[in-house]
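For reference, the structure discussed in these notes is given below.
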Amino acid sequence: MNDSRTDSVLSTQHLGKTIGGRAILSDISVSLDRGDVVGVIGKNGAGKTTLLETVLGFSPATAGSSQIYGHDSFMLPAAVKSRVGFVPQQDDLMGMLTGKQQLGLVAALYGGWDSGLIDRLAGEWEVPLQQRIATLSGGERQKLSTLLALGHRPDLLVLDEPVSSLDPIARRRFLQQILEYTADQQRTVLFSSHIVSDLERVANRIWIIRDGQMIWQGDLDALKESVVRLHVRASQPLPASLDIPHTLFEQVTGTSAVVAVSHWEQSDPAAVSRRLNADIEVEALGLEDIFLELNR
Amino acid sequence: MKGALQTAWLMFTCLGVQRWLNAVGAALLATGLALGHAGAPLVAMAIGTACLLLTPAFAGGMIFRGIAGARICRLIPHGRLQLLLGLLLVLILGAALFATVTALAGSRLTIGFPLLFARAAFVGTIALLATFAGAVSVLTMTCVFIGLGSLPVILPSLSRVGGIAYLFGSTSALLVVTACIWTTFGLWFLRATFITPLAVAEAGMAQGGGIVGRLKSSRSTALTTFLLGPSGIAWGAIAGLFGTALLTLLPRLTALWSGGAVRPAMADLLPLAGMVCVFGGITGFAVTRRAKQLWLRGGYSRAESFAVCETQMWRYYAASCSLVPVCFAVAIFLGKPAMSMVLLLSCAVTIGACLLYFSLMRVQPWSVADVLVAVALIAAFVFLLGALNNAWLSPAATTALLAVQALAAWLLRRTAKSRWQRIDWLIHKPRQYSAQVLQRAS
């Protein structure tokens with residue numbers, strides 16, 4: 001199933017998207033390799049859904065380009081589409097059907113459908129397939145929607161807010177199974193979520209979007225090394241501005257200050273300490289705090 | 001009072017296409033008024049008025065349900081009263097506009113502004129309240145549209161019946177009846193514990209409605225189901241058969257009620273021809289949005305998606321109108337002029353095809369060209385029915401008109417196909433409904 005043309009699963013070059021004169025995405029250049037589990041985070045309206053739907057070819061880019069398995073996203077051939085699974089933020093289920101009927105119809109659109117996998121997952125996730133979809137809860141619809149995307153065993157799985165309606169137990173179990181699904185290093189997962197703790201648990205790479213621009217893309221560990229909070233304590237009053245490079249946030253109160261910085265791994269802590277004549281304590285941040293600092 | 005004014009404003013301006021139609025309608029009306037009240041300016045005034053009143057008359061009740069069904073309305077002090085006054089204001093404004101234009105244009109009319117106003121208010125009341133009541137399910141909405149569509153046929157016949165003739169000839173009687181209807185509706189509306197929101201009806205339609213039996217898990221079933229809903233074609237066929245039966249029987253019944261007055265040969269089949277025209281455009285808007293699923297799951301390119309949607313729409317169209325050609329054949333068998341019948345049906349089908357491709361074209365925001373095409377289609381529809389009913393055109397001219405319409409359908413198809421090459425499903429995505437709405441709809 002591997003495409004000989006490229007090892008890159010997905011890539012974009014200076015991708016831009018404007019809708020009604022408003023720039024939703026601008027200058028996004030990212031890439032995704034086989035086996036990656038990438039989490040996309042951003043505030044509401046940051047452009048996460050637009051990014052996912054544009055790279056999948058649902059929507060034409062207004063600038064730049066994007067490719068999946070080396071093919072232009074907007075003109076994806078059927079063979080490539082069959083390697084992609086997508087769980088949209090708003091499901092496209094048909095309320096009058098039962099879950100089983102909907103699965104049957106979607107299965108009919110694909111050449112290979114792993115009924116065994118779907119039956120197993122439906123059992124484990126407790127999805128009532130015999131019930132009409134209109135009577136399912138939000139969480140059950142979301143699980144069913146994910147089953148529809150997994151049945152043809154896609155190499156690239158794209159999930160837009162896949163766990164927003166799930167309770168914490170279901171969420172953890174669901175994410176664990178997504179990890180198992182990618183465990184053979186052949187499959188790639190790209191998913192967006194507001195629940196940052198989930199991303200931290202399963203993603204090995206993070207994309208952070210703010211106002212349509214990619215402000216961070218890279219390994220989660222590297223992100224944690226890069227964005228930190230500094231607690232500065234001096235014996236004499238500190239200046240109003242500490243002038244630390246890449247400052248995201250700064251609060252100076254007399255002889256102490258709290259500063260959030262990015263790119264800390266490029267800084268020289270000792271030099272900063274000497275310049276300010278102060279002790280600096282570096283606090284490592286969790287992904288949620290990093291996200292908050294980057295979006296202040 | 002501010003709330004009432006806002007409601008009335010919304011009813012006239014809430015849809016994007018409505019604002020465009022208003023602009024075109026106002027321009028045509030102003031041109032007609034400036035140039036005189038006969039000949040071409042009169043036609044401009046008639047089309048202008050139709051553009052201004054079309055949406056409030058045929059969708060006003062649905063829009064009103066959309067506003068009134070929102071739960072937030074219950075929290076606004078005197079919210080429902082303000083909405084009701086707004087709806088009444090829409091009726092008064094619409095009836096006044098219609099009566100004014102008709103009185104100005106119709107120098108040959110023997111009736112004056114008051115009676116015209118009273119008639120317009122009465123018919124407008126029926127249209128607004130029927131669409132309000134009907135916008136809860138596919139079946140009721142279909143019935144309401146068929147009923148409204150057949151009003152022009154029924155009313156002239158009914159107006160010859162004794163009591164009804166008196167009603168339609170008396171301004172005060174009409175106004176009293178209209179006021180009684182509004183009082184009854186108002187009392188119910190202000191006291192109703194729950195008003196089913198429009199989204200419930202929409203969601204029911206989006207899901208195809210009806211009871212779903214066993215579905216074959218095949219590619220063709222999947223395509224039909226995803227595009228038209230699980231019982232889409234069946235519903236289309238039922239609505240079409242029901243509509244055909246109703247529109248065939250009603251003229252006969254009204255003729256009986258009116259003392260057996262013989263109707264002109266052509267006019268008997270005009271409602272059916274109108275139905276064939278309108279059914280062409282009914283499904284396109286939903287289908288283009290639902291085609292999103294085919295892009296990734298079906299593996300179709302945009303051009304292939306267009307072809308699949310086109311096929312499904314024609315199937316729906318054929319199912320809906322399957323009985324109409326039979327009715328025309330029976331009419332010919334019973335002695336109606338064969339040539340006229342064939343031309344009428346052909347013209348209706350070509351306008352239906354134009355509407356079908358026009359709805360498939362709607363994959364980008366409304367442009368000036370789209371609005372002009374919409375106005376042209378409405379004008380063609382009105383002109384066709386008028387021309388065929390009053391024998392304005394010779395068979396040769398009608399054949400030429402038919403060729404022009406076929407050419408227009410071909411051009412619209414080309415435009416639609418070309419637009420589908422760049423369809424943006426981020427914008428034209430399927431409508432979403434809350435779980436609560438979906439449960440109610442089911």
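Keep in mind that this is a model prediction, so the values were computed, not measured. Every chain is numbered from 1, with letters handed out A, B, ... down the list of sequences.
- Interface remark: B:F226 contributes backbone and side-chain atoms alike to the contact with chain A (heavy atom separation under 4.5 Å).
- When all heavy atoms of A:F86 and B:L296 are compared, the closest pair comes out as CB-CD2, 3.4 Å.
- Counting heavy-atom neighbours within 6.0 Å of B:R419 CZ, excluding the residue itself, gives a total above 12.
- By the ring pair (Phe, Tyr, Trp, His ring centres under 6.0 Å) test, B:W420 pairs with B:F306, sequence neighbours left out.
- Of the two parts of B:I427, only the side chain, counted from C-beta on, holds a non-hydrogen atom closer than 4.5 Å to a non-hydrogen atom of chain A.
- The ring pair (Phe, Tyr, Trp, His ring centres under 6.0 Å) check on A:F74 picks up nothing, with sequence neighbours excluded.
- For chain B, no part of A:T98 is nearby; none of its heavy atoms comes within less than 4.5 Å.
- For the residue pair A:P60 and B:I423, the shortest heavy atom distance occurs at CD-O, 4.0 Å.
- Counted within 6.0 Å of CH2 on B:W314, heavy atoms from surrounding residues, nucleotides or ligands total more than 12; the atom is thus considered enclosed.
- Side-chain atoms of A:K81 do not come within 3.5 Å of backbone N or O of B:G298 as any donor-acceptor pair.
- Atom CG of A:L105 is separated from atom OG of B:S218 by 8.0 Å, given to the nearest 0.5 angstrom.
- Every pair passing ring pair (Phe, Tyr, Trp, His ring centres under 6.0 Å) that includes a residue from residues 122-161 of chain A is listed here, sequence neighbours excluded: A:Y110-A:H152, A:W125-A:F174.
- Considering only heavy atoms from C-beta on, B:T225 stays 4.5 Å or farther from A:Q101 through its side chain.
- Distance check: A:L109 CG to B:Q293 CD gives 8.5 Å after rounding to the nearest 0.5 Å.
- A:S59 contributes atom OG, which lies 9.0 Å from atom CZ of B:R422 (distance to the nearest 0.5 angstrom).
- Of all residues in residues 17-31 of chain A, those placing a non-hydrogen atom less than 4.5 angstrom from a non-hydrogen atom of chain B are A:K17, A:I19.
- Options A:A78, A:A149, A:P77 differ in how many heavy-atom pairs under 4.5 Å they form with chain B, and the most are formed by A:A78.
- Heavy-atom contacts from other residues, nucleotides or ligands closer than 6.0 Å to CZ of B:R414 number 12 or fewer.
- Of all non-hydrogen atoms in B:L426 and A:E53, the two that sit nearest each other are CD1-OE1, 3.5 Å.
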